[in-house]
Amino acid sequence: MPEVNTRWDIFCTVVDNFGDIGVTWRLARQLVAEHSLAVRLWVDDLRAFERLCPEIDIDAAQQFQQGVDVRHWPGEWLPTEAGDVVIAAFACQLPGAYMDAMAAREKPLLWMNLDYLSAEDWVTGCHGLPSVKYKSVQKFFFFPGFQPGTGGLLRERGLLEQCRQFQQDLQAQRQFLQGLGIDRAPEAQLVSLFAYENAGLASWLKVLSADAQPTHLLVPEGRILGDVARWLGVESLTVGAIHVRQSLTVQVLPFVRQDQYDRLLWCCDFNAVRGEDSFVRAQWAGRPMLWHIYQQDEDIHLDKLDAFLALYTKGLSPGAAEAMNGLWRAWSAGQPIGEHWLAARKHWPQLQENAEAWCLEQGLQADLATALVQFYVNWI
Ligand code: TRH
């Protein structure tokens, strides 16, 4: 493993939402906590960061947070020595002067692009390959993924054990939920909902409200709230709002810190998630889930969705796999999902087992931070 003093620079531009900072913040913390590395995290938007980590001082050019040297990536770059390892997250463009500093280093450095997560087959072939060069400095592709031969997924040491322990401790869950103002409706299944705007939502809420089984739906503040409000027939929804419609209780939560969001996922019987980071965290919760994939031009996200579904549903019976495929595809297309939800409910025990098995199978892979460190060790 690399010498303790290795210096790593991670660059993050917040393109939209929270995935870019969500992923890089987790990675930076883990490299510090588990690999004793000196990590600078350069972020261009500290306000987005603050939502996930309220301790962030949005006016500070530099600050330490959980051992990570957090730097506000300034519009006008100041001369800075390059690190030993440089990670450009999601193909972000590094400052020209920093790239010159990289090329000027006497000791060569490792430069990597941390790519988007995809289950597509081609990822295995491209992971670790050389990409472009800047002067004498070679950049490499680093692809997260679900299959051997990829860079794996972000997973902190002991995460799955911690999650299972929490899931077995009803008192700890109750306390945690109460801290967020959640008093679980009796006998209700707990469902979390984090998604982009979705025209298919109304059909789901309708089915949930008419179901014999009560549902307590937890909706963190965000883009889906407008659709929830429309279905409820209320003008707007604010944090703390609770509305009951027959079997369905809808509660609006604040946007919580990242580690609290993880716990919320662990508490729920079903998690609707989106983007990249919450999608992975729901998998670690080991519970059935629904993914609202981030839309891309020319519908290329649909290939990603299908590639993941093919892996995720491979252990299911044909009926259960069909129900999952129908549910996930309809949700990401913004189509009604009420009928698909009912079809999936028929296979619930199998979907629960599958979620656990998938989580354990993925937990056998090396985690992404360790794989990055290993990549560096192999490179020197
Ligand atoms: O926010 P996202 O949609 O992020 C993105 C971006 O759109 C990005 O541009 C795109 O590249 C990427 O997805 C694929 O969804 P994601 O990735 O799930 O990120 C959300 C983060 O917010 C995640 O780290 C969890 C965190 N979070 C909290 O910390 N507290 C909360 O209450 C909630 C709901 C989320």
Please list, chain by chain and in numerical order, all residues satisfying ring pair (Phe, Tyr, Trp, His ring centres under 6.0 Å) with [X], sequence neighbours excluded.
X    : answer
W231 : none
H292 : Y196, W331
F90  : Y116
W122 : F143

**Asked** Ion pair present between D169 and R164, side-chain N to carboxylate O less than 4.0 angstrom?
**Response** no

**Prompt:** With the threshold set at 4.0 Å, does a side-chain nitrogen-carboxylate oxygen contact exist between R329 and D306?
**Reply:** yes

Please output the side-chain donor-acceptor pairs of residues 144-156 that fall under 3.5 Å, not counting sequence neighbours, one pair per line with the distance.
unit_1 : atom_1 : unit_2 : atom_2 : d
T150   : OG1    : G145   : O      : 3.4
T150   : OG1    : Q147   : O      : 2.8
T150   : OG1    : G152   : N      : 3.3
R155   : NH1    : Q365   : O      : 3.0
R155   : NH2    : G363   : O      : 3.3
R155   : NH2    : Q365   : O      : 3.2
E156   : OE1    : R281   : NH1    : 3.4
E156   : OE1    : R281   : NH2    : 2.8

Considering residues at least two apart in sequence or located in another chain, which fulfil the salt bridge (charged side-chain N to carboxylate O under 4.0 Å, His left out) criterion with [X]?
X    : value
D367 : none
D100 : K135
E353 : none

**Qualifying salt bridge (Lys or Arg N to Asp or Glu O under 4.0 Å) pairs, either residue in residues 173-184, two or more places apart** = R184-D269

**Item:** salt bridge (Lys or Arg N to Asp or Glu O under 4.0 Å) partners of residues 110-131, not counting sequence neighbours, each pair once
**Value:** none

**Prompt:** Between S192 and N271, do the side chains contain an N or O donor and an N or O acceptor separated by less than 3.5 Å?
**Reply:**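 Checked: S192/N271 side chains pair up, N/O donor to acceptor below 3.5 Å.
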
**Message:** If we count only N and O atoms by modelled type, under 3.5 Å, do the side chains of W42 and D9 hold a donor and an acceptor together?
**Reply:**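 On atom types as modelled, these side chains qualify, holding a pair under 3.5 Å.
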
**Prompt:** Is R263 close enough and on-axis enough to W266, meaning under 6.0 Å and within 45°, for cation-pi?
**Reply:** no

**Lys/Arg cation over aromatic F279: R274, 6.0 Å, 45° cone** = no

**side-chain hydrogen bond (donor to acceptor under 3.5 Å, both in side chains) contacts in which one or both residues fall within residues 50-67, not counting sequence neighbours** =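 Residue pairs with at least one partner in residues 50-67: E55-R257, Q62-D69, Q63-Q65.
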
**Prompt:** Checking side chain to side chain donor-acceptor pair (under 3.5 Å) for the pair Q283/W358: CA distance, chi angles, key distance, verdict?
**Reply:** CA-CA 8 Å; Q283 292 168 57; W358 173 261; 2.9 Å; yes

**Prompt:** Hey, does the side chain of Q167 reach the backbone of A285 with a donor-acceptor pair shorter than 3.5 angstrom?
**Reply:**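 Side chain of Q167 to backbone of A285: a pair is present.
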
**Request:** Name all residues meeting the side-chain hydrogen bond (donor to acceptor under 3.5 Å, both in side chains) criterion together with T313; count only those two or more places apart in sequence or in a different chain, and write none if there are none.
**Result:** none

